[in-house]
Each structure stands twice: as structure tokens, then as C-alpha cells.
Amino acid sequence: MAYFVLFLGIGFVLAALAVASNPSPYYGVVGLVFGSIVGCGWLVSLGASFVSLVLFMVYLGGMLVVFVYSVSLAADPFPQAWGDRHVMGYVVGLGLVVGLGLALGGLEIKFGVETIDSVGLFFVRLDFSGVAMLYSCGVGMFLVAGWGLLLTLFVVLELVRGLSRGAIRAV
Amino acid sequence: MNPYAKLILTLSLLLGTTITISSNHWMMAWTGLEINTLAIIPLISKSHHPRAIEAAIKYFLVQATASALILFSSMTNAWFTGQWDITQLTNPPSCLLLTTAIAIKLGLTPFHFWFPEVLQGSSLITAMLLSTMMKLPPTTILFLTSHSLNPTLLTIMAITSVALGGWMGLNQTQTRKVLAFSSISHLGWMTIIIIYNPKLTLLAFYLYILITSSIFLTMNTTKTLKLPTLLTSWTKAPMLNTTLMLTLLSLAGLPPLTGFLPKWLIIQELIKQEMTTTAMIISMLSLLGLFFYLRLAYCSTITLPPNPSNKMKQWLTKKPTNTPISILTSLSISLLPLSPMILTIT
């Protein structure tokens with residue numbers, strides 16, 4: 001079990017490496033999918049099963065699907081692939097950065113469910129009750145976060161409207 | 001731009017600034033910063049010119065990186081100390097990371113490269129917003145966490161900001177870029193004193209907002225985007241150009257004008273803290289900025305410019321009287337005698 005969690009952690013770093021060195025969004029999104037899967041697995045290993053499943057659903061089922069649909073509309077017919085020398089240079093370079101981080105930081109492995117006592121929610125599942133508190137005591141943050149997300153929608157709509165007279169001239 | 005969209009974006013700018021300023025929890029501070037970043041992106045790319053779109057993208061990337069670093073610093077601190085209070089940042093790696101993140105957000109050297117290009121890509125009023133209001137939340141966070149920041153890094157960044165703001169501003173002919181480098185230089189002055197007396201940082205910041213707003217509004221009235229336009233702008237509004245000269249010299253920090261007050265008090269505080277060499281270095285480096293302010297002031301008051309002003313009709317242009325400009329300009333020229341009162345207020 002301990003080695004499985006270590007494998008998830010290594011998988012996360014490798015997925016981040018894949019995303020950072022991607023030659024084209026189609027390959028970067030593969031890294032994102034893999035990274036979110038192992039990241040959700042890591043969250044489950046820490047004990048936060050609810051937020052892990054929520055992340056899975058929203059990230060993979062919502063955001064990545066929309067991303068894939070919109071990227072497929074703006075398709076690059078002949079993208080560079082992983083095997084090209086140019087891309088391999090990026091992978092090796094960023095891999096060296098990962099190695100540097102490993103050498104400087106060291107490989108510390110913490111395992112087990114760390115139940116953190118937070119505002120008296122010790123015996124209740126932390127992530128469940130945290131989300132419940134977001135809707136009750138933390139409603140101010142909830143409203144602000146909701147407005148932030150709505151604002152993001154308006155900003156994106158304002159940026160992409162106008163076809164070729166707008167901000168995106170290629171459309 | 002669509003008026004409803006503009007309303008939503010302006011309200012979100014005010015909301016984001018208010019949230020960050022009035023926050024105690026790092027999450028709220030971060031949320032306010034992100035709302036600000038998002039809301040100003042369409043305002044920067046409003047004209048849909050490629051330079052404006054590039055400026056918007058650069059602004060977004062830089063500010064998003066800085067917000068992520070702020071989040072990482074606060075999360076690391078919460079991991080080690082168990083609390084999210086803004087004033088209780090005690091973990092040393094978090095303090096270093098936060099110093100760097102605030103420097104990126106504000107535009108201190110060596111993270112200043114985005115600022116002139118973003119300012120050049122936006123309209124004059126958006127540039128004014130970027131220089132004044134968008135600096136308010138990061139400066140507030142700087143003020144709140146002033147005891148947790150890394151002094152060595154801050155001093156190095158401040159001195160190099162004053163130096164590079166002056167040096168790189170010397171070669172500019174576009175007024176927005178000149179004002180960007182003046183902003184970087186002033187941020188250096190604000191940052192050098194944050195460890196010793198944070199109230200002087202806020203005083204320098206408020207007076208900087210005052211003077212810069214009056215300059216941007218004046219330039220918006222006469223639409224001076226580059227130096228040759230400034231040379232012939234006296235035909236559009238003669239009185240405005242005279243006051244522009246005085247306001248520019250106030251921004252440079254010359255004695256009888258308002259801009260001298262923050263520099264004077266900062267130098268005095270630095271000397272009290274036995275940092276006389278630092279005070280001397282930044283004073284000398286400000287002389288570089290003085291040169292381009294003098295050049296701008298000279299260009300705004302010259303009456304026989306080298307470039308021909310073919311349009312005689314400009315003499316007959318009737319510009320409406322502009323109350324904000326008159327108030328801000330008179331404040332930014334003549335506020336120095338009130339300095340004891342200013343000191344008691346801030």
C-alpha cells in the first residue's frame with residue numbers, strides 16, 4: 001500500500017512533466033488526465049475521499065471534456081509528437097529540473113490518514129464537513145467564489161466575442 | 001464595449017480590491033486578487049489591437065503565477081503552523097515565497113519586465129487603473145505582512161527597482177512606458193522602507209496614486225501617447241500643459257512640490273535606522289529618473305517645437321472643464337505645506 005501511494009506521487013510528477021513539455025494540447029491533455037487521476041488517488045490516500053470524487057467529476061468530466069471539444073474544433077492537422085527531437089529536448093530538460101528538485105528536496109514519504117483536528121470536526125470526516133461548512137458558516141466565501149466563477153464566464157465571453165473583429169482574429 | 005459588461009467588470013474590480021483589503025484569511029486575500037486579475041483582462045484588451053491582446057495575455061500570465069505563489073506560500077505556512085491568518089506568517093520558506101510573489105504582483109525588479117509592455121498595450125485610463133488601483137491590494141498585503149517579509153531580498157529589489165526604473169525610462173519616447181518605469185522606480189522607494197516604517201510606504205503609495213492619476217488624466221485629455229504629441233499639446237489646452245509640467249516635477253520629487261514629501265520622510269527614516277549608504281544610493285539613482293521627468297516637463301512647456309503643428313484649428317478647440325483633473329493636480333502640486341497634518345492622518 002505504501003508503495004502504491006509512492007507510485008501515485010511519482011505518477012503525479014511525471015504527469016506534470018508531460019503537461020509542461022507537451023508539443024501540442026492533444027498530448028498535454030493526456031498528461032492532465034493522468035495527473036488528475038493519480039492526484040485524486042493521492043487525495044484518497046490522505047483520507048479525503050469526497051473531495052477526490054468531486055475533483056474527478058468536475059475536472060475530468062466537466063472541464064476536460066469541454067477542453068477536448070473546443071480543442072478539437074481548432075485542430076492542428078499535423079502536430080508534433082513526443083518522439084520528435086525538439087520535444088524530447090524539453091522532456092529531458094524538465095526532467096533534469098525534476099531531478100534537481102529531488103536531489104535538493106529528498107524523498108520523504110509520509111503515509112497514513114492524518115486526521116487533522118479542525119474547529120472540532122475531529123471525529124467527522126473532514127472533507128465532508130468542510131464542504132457542509134462552506135454552505136453554512138462560510139457562506140460569504142461561497143458567494144465570493146460563486147461570483148468569481150460567474151465573472152470568469154463573463155470575462156471569457158467578452159474576450160472571445162466579435163469573430164474576427166474581436167480579440168481572436170483567426171476566427 | 002458593452003455597457004453591462006463594463007459595469008460588471010468595474011464592479012468586480014471594486015469587489016476584488018475591497019475583499020483583499022479587508023481580509024484576514026489568506027484565501028479571501030487570494031480570491032480578491034484573482035477577481036481583480038480576471039476583471040481587468042477584458043479592459044486591457046478592449047481595443048482588440050494585437051498589442052492590447054498581447055498585453056492582456058502577459059498580464060494574466062504574470063498575475064496568475066504570482067497569485068499561485070501567494071497561495072503556495074500561505075498553504076505551506078498553514079501546513080506548518082495550522083492557521084491562515086495574514087499577519088501570522090511565520091514559516092521562513094513561506095515568507096521568502098511571499099516576498100517574491102508580492103514583488104511579481106507589483107512589478108519590482110527583477111520581475112518588472114511585463115509592466116511597460118502591459119501599460120503600452122492598454123488605453124490611458126486602463127493604464128491608470130493598472131498603475132494605481134491594481135497596485136492597492138498587493139501593497140495592502142505588503143503592509144499587513146511587513147514584519148514577515150525577507151529584509152535582504154526586499155532591499156535588493158528596492159534598490160535595483162529604483163535603478164532600473166530610472167535607467168530604462170531614459171530611452172523611452174512613449175509616455176505610457178515612461179510612466180511605467182516611473183511606477184517601478186516609485187515602487188522601489190515604497191519597498192525600501194516597508195520593514196522599518198510601513199506607514200511611510202502607505203504614505204508614499206497614496207501620494208504616488210494622487211500624482212500619477214493627475215498625470216494620466218491630463219494625458220488622456222490631450223491624448224499624448226508619445227513625446228512628439230506632447231511637444232504640440234500646448235495648443236490643445238495651454239493651462240493643462242503648465243500644470244502637467246509641475247505635476248511631472250512633483251512625481252520626480254522636487255522640493256516645493258508634493259512628491260518631495262515621501263522621499264524626504266523615507267530618507268529620514270533610513271538615516272534613523274543607520275542605513276545612510278542605502279539612502280544615498282537610492283537618492284542618487286533617482287537622479288536618473290529626474291532626467292526623463294525633466295525631459296517630459298520641457299517637452300510639455302515648449303512653445304516652438306521642432307515638429308510642425310500643421311493644424312491651426314487646435315487653437316479653437318474648446319475642451320470642457322474637468323473637475324477631477326483640477327482637484328488632483330492642485331493637490332499633487334501644493335500638498336507639501338500640509339505635511340504635518342498628512343503625517344498625523346496616515
Side-chain angles (χ1 to χ4, degrees), chain A residues 12 16 19-20 35 39 42-43 46-48 51 101 104-106 108 110 112 114-122 126-127 130-131 133-135 137-171, chain B residues 1-20 22-57 59-60 64 67 76 78-84 93 121:
Chain A
F12 189 73
V19 171
W42 183 266
L43 277 177
L46 287 175
V51 292
L104 288 178
E108 293 165 12
K110 292 194 179 82
E114 297 181 18
T115 47
I116 311 157
D117 182 17
S118 173
V119 206
L121 300 172
F122 192 71
L126 189 66
D127 50 351
V131 171
M133 280 183 70
L134 179 69
Y135 287 85
C137 318
V139 70
M141 180 68 188
F142 174 65
L143 288 173
V144 166
W147 176 254
L149 293 173
L150 190 63
L151 175 70
T152 315
L153 172 70
F154 288 136
V155 162
V156 169
L157 284 177
E158 174 61 38
L159 283 174
V160 301
R161 75 176 180 99
L163 288 179
S164 60
R165 291 164 288 118
I168 304 178
R169 287 183 161 202
V171 181
Chain B
M1 201 179 178
N2 189 6
Y4 302 118
K6 208 171 201 171
L7 178 70
I8 289 180
L9 295 171
T10 316
L11 284 180
S12 297
L13 275 179
L14 292 171
L15 178 73
T17 311
T18 315
I19 288 175
T20 308
S22 57
S23 60
N24 300 310
H25 195 279
W26 271 116
M27 274 296 163
M28 294 309 276
W30 174 80
T31 312
L33 288 170
E34 288 288 288
I35 288 179
N36 261 358
T37 307
L38 284 170
I40 204 157
I41 297 295
L43 291 175
I44 298 176
S45 67
K46 191 169 44 171
S47 64
H48 299 147
H49 188 272
R51 184 175 286 133
I53 300 164
E54 186 180 322
I57 296 174
Y59 186 77
F60 176 69
S67 291
T76 318
W79 183 260
F80 279 99
T81 60
Q83 44 81 29
W84 295 81

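Order of the sequence lines fixes the chain letters, A, B, ..., with proteins taken first and strands second; residue numbering starts at 1 for each chain.
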**OP:** Check A:V144 against B:M28 and note the closest heavy-atom contact, atom names and distance.
**Re:** CG2-CE, 4.1 Å
Subject >> Sub-4.5 Å side-chain heavy-atom contact between B:M1 and A:E158 >> reply: yes
Original post:
Can you check whether B:L9 reaches A:V155 side chain to side chain, under 4.5 Å on heavy atoms?
Top reply: yes
**OP:** Can you tell which part of B:A39 gets under 4.5 Å to a heavy atom of chain A, answering side chain, backbone, both or neither?
**Re:** both
**OP:** Find the one option among B:G32, B:P50, B:S47 whose heavy-atom pairs under 4.5 Å with chain A are most numerous.
**Re:** B:P50
Original post:
Measuring heavy-atom distances to chain A, does B:S12 have an atom under 4.5 Å in its side chain, in its backbone, in both, or in neither?
Top reply: both
**OP:** Name the region of B:I53, side chain, backbone, both or neither, that has any atom closer than 4.5 Å to a heavy atom of chain A.
**Re:** side chain
Subject >> Distance, nearest 0.5 Å, that separates CH2 of A:W147 from CG of B:L11 >> reply: 7.0 Å
**OP:** Below 4.5 Å from any heavy atom of chain A, which atoms of B:I19 appear? Answer side chain, backbone, both or neither.
**Re:** side chain
Subject >> Check: A:L159 and B:F60 side chains under 4.5 Å, non-hydrogen atoms >> reply: no
Original post:
Could you state the interatomic distance from CG (A:L153) to CG (B:L38), rounded to the nearest 0.5 Å?
Top reply: 11.5 Å
Original post:
Could you state the interatomic distance from CG (A:L151) to CD1 (B:I41), rounded to the nearest 0.5 Å?
Top reply: 10.5 Å
